[in-house]
Amino acid sequence: MCAREVLRFFEELQSWVSDAVRGYDAPLGHVRRVCAVDAAYGDDVMAGAAVVWSVGERRVLEGRTYLCEPPFPYVPGLLFLREAPALFAAVELLSSSWDVLLVDAHGRAHPREAGMATFLGAALRKPTVGIAKKLLAGVAGEFTDSMAPIILNNKTVGYAVKPRSGKSYYISPGYGVRLEDVPALVAVFNYEYPEPLREADKLARSTLT
DNA sequence: GCGACAG
DNA sequence: ATCTTGTCGC
Ligand SMILES: [Mg+2]
């Protein structure tokens, strides 16, 4: 009935999902094609964008967008209710295949260890990782080679990454990706903030112009 | 009670 | 996320 219970309901669902998805973790193979998603907003309209990026050619192979009215307001910790539907729709419009999905959000580094990257991966049943610009939960530990573990509930749930130049970012497993495979994925982009995410951001907002 | 709070 | 141009700094 009231908003209060709606939030409590979805938060409880997140807690359950965080444990349920662990059984789907699998080794991440060679990452040749990466998919990245992001959203942008206009007046009463939002654009979800998805791009497929070729690691070898360092270029966008395909880009798709999906426009709709924001289905939910932004509530810290429940971002997926607002953005996941449009991002999911944009990904489904892609005809190109990809190995892992990069989401502009958190994965396991979340108050209930199930951020938007976790839900997108579960819905798509494909490997995902969350890559955010700011921490929402947990604390970054000591850095070792440009990376520091993100500690939450007494365990490592992801990594803080310090690029050779630029602001640091935070990456954590979403769905189907093991924590131990995250460092290799970070290395694929030479520790820099992933280009495909910048491309998805660019595509999302250019669509509203 | 107060502050913090992905995008 | 968005409102916004030039400007300070690496
Ligand atoms: Mg974004």
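Numbers restart at 1 for each chain; the letters A, B, ... are given by sequence-line order, proteins then strands.
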Show me the pairs that pass ring pair (Phe, Tyr, Trp, His ring centres under 6.0 Å) and involve residues 160-194 of chain A, at least two apart or across chains.
Y24(A)-Y175(A), Y169(A)-Y193(A)

Span of DNA chain C, from the first to the last nucleotide whose atoms fall under 4.0 Å of chain A heavy atoms
dA1(C) to dT2(C)

Annotated structure of DNA chain C as dot-bracket, pair cut-off 3.5 Å, Watson-Crick or G-U only, | for inter-strand, is ..........

Bracket notation of DNA chain B in which parentheses pair within the strand, [ ] cross earlier pairs, and | pairs with another strand (Watson-Crick or G-U, under 3.5 Å):
.......

If you look only at pairs with a residue in residues 47-63 of chain A, which of them pass as a salt bridge (Lys or Arg N to Asp or Glu O under 4.0 Å), with sequence neighbours excluded?
E57(A)-R59(A), E62(A)-R64(A)

If you count heavy atoms of other groups shown closer than 6.0 angstrom to CZ of R178(A), is the number above 12?
yes

For D38(A), the side-chain hydrogen bond (donor to acceptor under 3.5 Å, both in side chains) test, sequence neighbours excluded, returns none

Pair listing, salt bridge (Lys or Arg N to Asp or Glu O under 4.0 Å) test, anchored in residues 65-91 of chain A, at least two apart
none

Base, sugar-phosphate, or nothing for A137(A), non-hydrogen atoms under 4.0 angstrom?
nothing

Would you call D19(A) and R22(A) a salt bridge, taking side-chain N to carboxylate O under 4.0 Å as the test?
no

Taking only residues two or more places apart in sequence or in another chain, which ones pass salt bridge (charged side-chain N to carboxylate O under 4.0 Å, His left out) with D99(A)?
none

Using the test side-chain hydrogen bond (donor to acceptor under 3.5 Å, both in side chains), find all partners of R198(A) that sit at least two apart in sequence or belong to another chain.
none

The reported gap from SG in C35(A) to CG in L94(A) (rounded to nearest 0.5 angstrom) is 5.0 Å

Using the side-chain hydrogen bond (donor to acceptor under 3.5 Å, both in side chains) criterion, which residues pair with E11(A)? Sequence neighbours excluded.
none

Any salt bridge (Lys or Arg N to Asp or Glu O under 4.0 Å) involving residues 136-161 of chain A? Give me the pairs, sequence neighbours left out, ordered by first then second residue.
E113(A)-K155(A)

Heavy-atom protein contacts under 4.0 Å, nucleotides 2-7 of chain B, coded B base, S sugar-phosphate only, - none:
---BBB

Donor-acceptor under 3.5 Å (H106(A) side chain, K134(A) main chain)
yes

